[in-house]
Enquirer: 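This is the structure I have questions about; it appears just below.
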Amino acid sequence: MNLDESLQIYIIESRDLLQQMEEALLTLEQSPQDEEKINAIFRAAHTIKGSAGLFGLDFIISFTHVAESVLDKLRNGDIAVTEELVALFLEVGDFISKLIDHVAEGTTPDPDTQAINDGLIRRLNVYLDDQHAATRATSLPVEVELANTGVTLESLDSVETNCWHISLRFGPDTFRNGMDPFSFVRYLKTMGNIVHLVTITQALPALSEMDAESCYLGFEISYESDASKVEIESTFDFVREDCEIHILPPHDQIQHYIALIERLSNEEMKLGEILVQCGTLTPTELAAVLEKQADAASDLKRPIGQTLVSEQLVQPAVVNAALEKQKQVKETRSAESNYIRIDANKLDELINLVGELIIAGASATLVANRIGDSQMTEATSNIATLVEQVRDSSLALRMVPIGGTFSRFNRVVRDVSKELGKDIRLEISGEETELDKTVVEKISDPLTHLVRNSMDHGIEFADVRVEKNKPSYGTLKLNAFHDAGSIVIEVSDDGAGLNRDKILAKAIDKGLVSPEHTLSDKEIYNLIFEAGFSTADAVSNLSGRGVGMDVVRRNIQALRGTIDISSTPGQGCTMSIRLPLTLAIIDGFQVGVADASYVVPLDMVVECIELSTADYEASVSNQRNFINLRGEVLPYLKLREEFECKGEPPPRQNIVVLQYANQKIGLVVDKLIGEFQTVIKPLGKVFEHVKGIGGFTILGSGNVALVLDVPRMMQLANADGNRETEAVVNH
Amino acid sequence: MSVTIQSNTHSELVFTDELTIYTAAETMETIRPELKKMLPIRLNLSEVAEIDAAGLQILLAIKSHAASANQELTIDGQSDAVMELLALGDLAGHFGEPVVFSAAAI
């Protein structure tokens with residue numbers, strides 16, 4: 001890999017790290033004690049600085065170094081998390097991002113950037129010079145859950161909580177080796193305070209069997225001391241060989257060890273290593289336990305954590321913390337290593353090929369059916385199934401969860417609410433909902449506009465809200481979910497809702513509607529999508545200029561989606577954006593009108609029914625284009641008429657009932673042909689303005705079928721319906 | 001060294017000087033035959049100048065022997081060295097002597 005490529009990777013990874021840093025900072029603002037977030041921020045800055053060194057990016061190194069020093073102090077508890085520190089680091093993150101931009105463009109910082117650089121460094125240095133009091137609370141919320149090991153709680157009762165528990169069983173040759181058990185007791189007393197001692201005499205045999213020169217004694221000691229475990233252990237250096245020694249650290253050291261474990265770096269370590277690193281286990285103890293494990297028969301082998309606890313070498317809570325750390329490191333690592341970077345173009349190529357494969361497969365199936373050979377038919381059927389699976393897998397490659405886009409809004413909401421002086425909270429749900437990568441990128445701008453609108457126009461100021469018996473803080477919700485082959489994204493607020501009368505007045509003012517028109521509430525709300533429309537009294541930096549909503553709608557329509565408004569005055573407003581899940585390949589339902597074939601998305605097909613002769617004649621004579629579908633009114637379009645096909649309809653026609661976003665519509669066709677999957681190919685620019693057609697596809701037979709854009713057709717049908725009603729009303 | 005005073009009603013064991021690893025084996029040999037008689041036992045520890053864990057083991061063995069033979073064990077006097085060791089090993093109560101030592105003295 002050459003330098004250029006690695007630099008590109010550095011840039012992408014740095015942006016990722018900055019994103020992580022921002023998210024961690026925002027969380028830290030709400031919970032200032034979160035050690036994990038502090039560490040994450042430090043690691044992000046540290047990595048960016050370190051890798052910058054590889055490329056000789058001096059201006060990044062020197063700036064990030066100062067930031068890293070302050071973060072180091074934060075990590076050690078020398079300075080505390082404050083609101084202004086978080087705000088400063090959000091600015092720091094933005095600035096580093098700017099520096100990365102310079103790297104990407106290949107430019108060096110200009111005087112303006114330099115000025116910002118110096119300003120930020122000055123503010124960072126304040127934290128380095130001042131001895132900010134270490135006011136960080138030292139008590140961490142530790143949930144101590146004892147692992148279910150063989151050690152019962154009762155046996156630990158003898159442990160006073162602040163004491164080490166030392167368990168000693170002297171070997172028979174202790175005296176012969178010139179040692180006296182009590183000398184150890186006396187030595188321990190020089191290093192600390194023996195709170196309680198029990199002499200264990202159970203091993204002493206009967207008088208007749210006893211060997212006066214063998215040692216049968218043991219001790220159980222509760223010991224208070226500031227010494228480290230290694231120091232205490234070294235007391236017994238001379239008897240370690242044939243004595244059993246268990247040193248269990250005090251209860252109140254648990255928090256200390258757990259904190260140390262969490263601080264450990266993110267390399268993968270074995271459980272024993274983690275425990276030794278935090279000081280609750282000595283290297284000697286670990287070696288002994290491992291040796292024992294190695295000797296144990298294979299069916300008696302136990303996990304080392306269990307052994308350590310039952311041997312009373314480590315507190316169960318600390319073992320738990322170490323296991324958690326192991327798991328967390330593994331998860332981070334596996335999450336990192338499970339992704340591969342690929343060129344988006346290669347992916348597009350793959351999907352194109354899959355599309356061709358589908359078409360080729362379809363024609364093979366046709367031929368097989370015509371030949372009528374059952375083995376051939378079965379073979380092509382198998383191929384068709386596999387092709388379908390390949391199709392699904394390759395489309396899934398392009399899917400990304402929307403959570404990434406949503407979480408970026410944390411920053412937006414925070415900044416805008418500060419700017420407006422309103423307290424607004426963001427709630428996110430449905431982050432796992434997946435959608436096509438290109439859609440994710442294009443939906444970001446419209447969403448931002450909707451969010452800003454809600455915050456600026458929708459949510460009222462705190463005092464107004466309290467008057468209305470609402471909580472003083474406003475809530476903005478972002479939600480996403482799948483529904484019948486589409487993804488729905490909702491932006492809702494609990495603000496004042498849309499002002500129907502104001503909108504209507506403005507519309508009349510602008511000449512968009514005539515005063516005599518009666519419009520439903522929904523239609524009035526949809527007026528805000530008209531170009532140049534704004535009911536804002538004051539144009540703010542954010543919105544109100546009237547160039548927003550129509551662009552939003554156009555962008556969404558360009559993605560073959562729709563946007564819908566639902567609003568309740570005084571309570572709030574919800575914008576629903578509906579987008580197709582995939583732009584490329586669909587499951588389709590083929591219908592025939594005259595000699596031509598058309599395809600509708602299978603997801604939208606609800607049912608197919610016959611158009612009775614009576615209804616058909618009624619439609620011709622009364623211009624009544626709807627039927628009674630089990631008590632429901634179902635409007636329909638006659639494709640033959642819409643597309644001006646030549647010839648007469650057959651005696652029996654069918655209606656395909658389609659549903660999209662709670663609206664039902666029927667399409668009258670001659671033939672119902674069947675399901676099949678197909679690649680949608682876009683129509684050329686020449687046909688861009690044809691309404692109602694979303695693309696075309698090539699059938700197995702080689703013929704072209706047009707793919708219908710059902711949502712647009714529905715809109716047209718509604719418009720038609722309105723015109724008809726008008727015509728009726730005005731006559 | 002230990003001295004046994006012959007008697008038919010009880011075994012009286014007087015330990016003097018060292019009751020340590022150095023004298024342990026010899027001491028055991030001396031007292032075994034006496035203890036085999038299974039008589040009530042009186043221990044005099046007031047002249048024990050030095051005692052260590054090995055010596056303590058002997059005392060413990062005597063006590064448990066008395067218990068299993070269902071015989072009474074009485075201790076007549078403890079020297080300072082004995083008291084100190086018993087306190088260190090928290091065994092003062094074990095030998096039935098109501099020794100008043102507060103925890104701080106340990």
Side-chain angles (χ1 to χ4, degrees), chain A residues 158 160 162-163 165-225 236 238-239 242-243, chain B residues 1-2 11 13 15 18-38 41 50-69 71 73 81-95 101-106:
Chain A
S158 56
E160 275 87 337
N162 286 347
C163 296
H165 188 87
I166 306 176
S167 177
L168 301 163
R169 301 287 183 275
F170 293 95
D173 291 331
T174 307
F175 298 151
R176 285 182 265 265
N177 289 335
M179 300 283 134
D180 180 350
F182 284 101
S183 62
F184 297 108
V185 177
R186 292 195 186 97
Y187 184 77
L188 282 178
K189 286 168 79 167
T190 64
M191 279 201 310
N193 178 28
I194 293 188
V195 176
H196 195 65
L197 181 146
V198 176
T199 305
I200 308 295
T201 59
Q202 272 82 337
L204 200 62
L207 202 66
S208 39
E209 286 122 42
M210 177 182 147
D211 174 6
E213 286 174 351
S214 293
C215 182
Y216 305 97
L217 296 177
F219 293 128
E220 293 286 336
I221 306 176
S222 286
Y223 183 53
E224 238 176 20
S225 168
F236 306 101
F238 293 120
V239 283
D242 48 23
C243 298
Chain B
M1 263 317 267
S2 63
S11 301
L13 305 174
F15 292 107
E18 271 189 47
L19 189 58
T20 66
I21 184 64
Y22 300 109
T23 61
E26 208 187 314
T27 309
M28 281 301 283
E29 285 312 305
T30 318
I31 64 176
R32 265 208 188 99
E34 183 60 34
L35 292 172
K36 273 216 178 86
K37 293 182 190 166
M38 310 284 223
I41 306 169
E50 227 181 288
I51 179 168
D52 69 358
L56 177 66
Q57 267 189 179
I58 295 177
L59 295 180
L60 289 168
I62 295 173
K63 163 123 178 113
S64 89
H65 172 83
S68 62
Q71 289 300 342
L73 170 72
V82 169
M83 284 201 285
E84 193 246 332
L85 193 68
L86 289 183
L88 201 58
D90 202 25
L91 291 166
H94 184 74
F95 286 97
F101 268 117
S102 66
I106 295 179

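First the proteins, then the strands, lettered A, B, ... as listed; each starts at 1. Source: prediction; values computed, not measured.
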Enquirer: Looking at chain A, which one of B:His65, B:Arg32, B:Met28 has the largest number of heavy-atom pairs inside 4.5 Å, strictly under?
Expert: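 Top count of heavy-atom pairs under 4.5 Å with chain A: B:Arg32.
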
Enquirer: Given a strict heavy-atom distance threshold of 4.5 Å, which part of A:Leu207 is in contact with chain B: side chain, backbone, both, or neither?
Expert: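 When you check distances to chain B, atoms from both the backbone and side chain of A:Leu207 fall under 4.5 Å.
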
Enquirer: Find the one option among A:Phe219, A:Phe170, A:Tyr216 whose heavy-atom pairs under 4.5 Å with chain B are most numerous.
Expert: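 The option with the most such pairs is A:Tyr216.
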
Enquirer: Working note: A:Asp211 + A:Arg176, criterion salt bridge (Lys or Arg N to Asp or Glu O under 4.0 Å); need CA distance, chi angles, decisive distance, verdict.
Expert: CA-CA 12 Å; A:Asp211 174 6; A:Arg176 285 182 265 265; 3.5 Å; yes

Enquirer: With a 4.5 Å cut-off on side-chain heavy atoms, are A:Leu197 and B:Leu88 touching?
Expert: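 No. Closest side-chain heavy atoms not under 4.5 Å.
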
Enquirer: What part of A:Thr174 gets closer than 4.5 Å to chain B, counting heavy atoms only: side chain, backbone, both or neither?
Expert: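 Looking at A:Thr174, nothing touches chain B.
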
Enquirer: If I measure from the heavy atoms of chain A, does B:Leu35 come under 4.5 Å with its side chain, its backbone, both, or neither?
Expert: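 The side chain, not the backbone.
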
Enquirer: Which bit of A:Ser208 is near chain B, if near means a heavy-atom gap under 4.5 Å: side chain, backbone, both or neither?
Expert: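 Answer is backbone: N, CA, C or O of A:Ser208 sit under 4.5 Å from chain B.
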
Enquirer: Within the distance-only criterion (no hydrogens, no angle test), does the side chain of A:Gln202 pair as donor or acceptor with the backbone N or O of A:Gly218 below 3.5 angstrom?
Expert: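 Side chain of A:Gln202 to backbone of A:Gly218, a donor-acceptor pair under 3.5 Å: no, none is there.
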
Enquirer: Locate the shortest heavy-atom distance separating B:Ile62 from B:Phe15; write the atom from each residue and the value.
Expert: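 Minimum heavy-atom separation between B:Ile62 and B:Phe15: CD1-CZ, 3.9 Å.
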
Enquirer: Are A:Thr201 and A:Leu217 close enough that some pair of their side-chain heavy atoms sits under 4.5 Å apart?
Expert: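 Yes, close enough: below the 4.5 Å cut-off.
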
